[in-house]
Structure formats: C-alpha cells, structure tokens
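Values below: every heavy atom of this structure, side chains too, minus hydrogens, waters and symmetry copies. Quick caveat: nothing in here was measured; it's all calculated off a predicted structure. Read the numbers this way: they start at 1 and go in the same order the structure lists the ligands and their atoms. FYI, the numbering just counts along the sequence from 1.
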Amino acid sequence: MASGYRGRFAPSPTGPLHAGSLVAALASWLDARAQDGRWLVRIEDVDTPRCVPGADRFILQQLAACGLVSDEPVSWQSTRSDFYQAALDRLIACGLAYPCGCSRKDIEAALQASGLARERHHAAVYPGTCRPERGGLAGRAPRAWRLRVAPGVQQWTDRRLGPQQQNVETEVGDFVLRRADGLWAYQLAVVVDDAAQGITHVVRGEDLADNTPRQIRLQLALELPAPLYLHTPLVLGDNGEKLSKQNGAQALDLSDPLAALQAAAQALGLPKAAGNLPDALASWTRAWPWRLAERL
Ligand code: GLU
C-alpha cells in the first residue's frame, strides 16, 4: 500500500557511484520502503562541465545491480531549464533575485576593503555589493543572478542530526541561482525539482546538510512546501577524509553488489544481513532506525 511518502536519490553524473554515494542511495531507498513510500531517481546534470558522458547510465546500472530501481521514470535536470527559468522569473518579479556583476576578484576585494575577509568552505561570503539598494550593477554587465537572503537565523530539524541552525545571510550571503557561465545553480534546481516531484522526504549524505537552510530559504521565497530532511553518516576513506569522486574514491564493484550493500548498510548502523539481495534489502527495511513515528 503506497503512503504519501515520496523520496528520491539525486546523483550528479560526475562519475560512477562509490561506496559513499551508495550509502545515500541505500538510505533513501530504505527510508522510502520503511514508510511504504515511493522512491525516485533524478539525475542532477546541471553542472555540465563536471558531468562525465555515460556516467548517468552507468549509475542507473549500478543501482539496478543493487536492486534499487526508481518507482517512476528517471528524470534529468538538463531537460528542465524552462522550469528553473520560470522560478527565477518569479523571484525577480517579487524583487527577491537580482543580477550580480561581481567577479570572484571583485568579491575578494570588497571583503578585504570592508575588513571582513569572511570565508566559508573556502568560498567567500557574498558581501551584497550588487544589491539594488547598494547601487546595483553600477554599469557593469550582469554575470550571475543571486537570491536576496532575508536576515535572521534559519532553523530546521534533521531527523538524524536533530535541531540545526544557520544564519544564511551572514554565513553564506546572497547565493547564486544562475551562474555567470549561464548554468543553473544546484540550489535552485534541487528546490524546483523536489517540489515538482512532490518530494516529502529528502535523505542524502551529511556533506549536504549545510545546504539545507539555503534550500529552505528558497522554498519560502518560492512558496513551495518544505520536505523533511535526514542526512546520513559519511563514509571516510583510509586517510580519514570523506569518500568522494574528487578524492579518488573507487567505483563500486558490480561483481558483488550484495557485498557493496553490506558495507553501505554497516555505515548506516544496520546489522549484517543473511540471504540473497532481496532478503537483505527486506531485513534492513525492517531494521531501519529512522522510521517515522506517524504514518503519512
Ligand atoms: N546531486 C547532489 C550530489 O550528487 C545531491 C543532491 C541532493 O541530494 O540534494 O551530491
């Protein structure tokens, strides 16, 4: 019996799945199954320079080998530009998005001049130079589009991490919706698509937790419903760093999908499962620790 739960796994096709991304895939699948919900796969291929040709198909094969198959047709963000443009147009019409003419150098210079060399994850906090009330583009060509972030601390509760908060204005600044190279920013695409697909529950790796308050701000600005969030533990490599494609994580070995899933399940604190792949998935669904108290 299907409930109202709708979850998703949203890989970027920048390379094959590795042990870390399988944890997020398995967790989102188990959470959906534990809630009798639907599980969707969405290929997040908006950052085209980082996408590897064929990686999308390969990821889908890897997931299928692990018994994880989307309940609805897979969607590709690269086909959805019109929807992202419509969302940006709406924000512009409400005065919530503005064009920015700053290069990275301009931003660094402005931060230094103000004595506020603020940094977060090696990215400068945008100082609001091009806000319309501060003079706007001042004759410069528009490069990116940014969200005007309202003041105040954004609070939210993660189903695993508990209460969280971030002052998006001072810790991140007005963030980019459409990049200077014309590509759509992850934040805008993910929020538009989660809403368009009716996603009620987002389950993804803890490395993305820090994006959640920005996404909530965008949901509020676009008057879209906010899903519930659960961020899963990260898998660390032998060097103690997060496993990622950037630091050379190995592609999953498809010759033994059950072994790969056992490792992912272990990272989620689930017991080793006996039997074949469907048995293992069923037993982890029963043991799923983040089952929701209320049925949807
Ligand atoms: N596409 C993102 C990634 O692969 C995940 C986005 C999300 O789950 O919100 O890191």
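Contacts between Asn211 and ligand 1, counted as non-hydrogen atom pairs separated by less than 4.0 Å, are absent for every part of the residue. Neither the backbone nor the side chain of Phe9 has any atom closer than 4.0 Å to an atom of ligand 1 (non-hydrogen atoms only).
Evaluation of the ring-ring contact (aromatic ring centres under 6.0 Å, His included) rule for Trp145 yields no partner, not counting sequence neighbours.
His231 has its ring centre less than 6.0 Å from the ring centre of Trp156.
Contact atoms of ligand 1 toward Arg204: 7 (C), 8 (O), 9 (O) (distance under 4.0 Å to a heavy atom of the residue). With ligand atoms numbered from 1 in the order given, ligand 1 contributes 9 (O) to contacts under 4.0 Å with heavy atoms of Val190. When each atom of ligand 1 is checked for a heavy atom of Tyr186 under 4.0 Å away, the hits are 6 (C), 7 (C), 9 (O).
Contacts classified as salt bridge (Lys or Arg N to Asp or Glu O under 4.0 Å) and involving residues 142-156 (residues at least two apart or in different chains) are given here: Glu133-Arg148.
In this structure a side-chain-to-backbone donor-acceptor pair under 3.5 Å is missing from Arg6 to Trp39.
In summary, Arg179 and Asp181 engage in a salt bridge, as defined by a charged side-chain N under 4.0 Å from a carboxylate O.
Taking only nitrogen or oxygen atoms, main chain and side chain alike, Val202 does not reach within less than 3.5 Å of ligand 1.
Within the 4.0 Å heavy-atom cutoff, Arg8 counts among the residues contacting ligand 1.
When all heavy atoms of Leu91 and Ala221 are compared, the closest pair comes out as CD2-CB, 3.6 Å.
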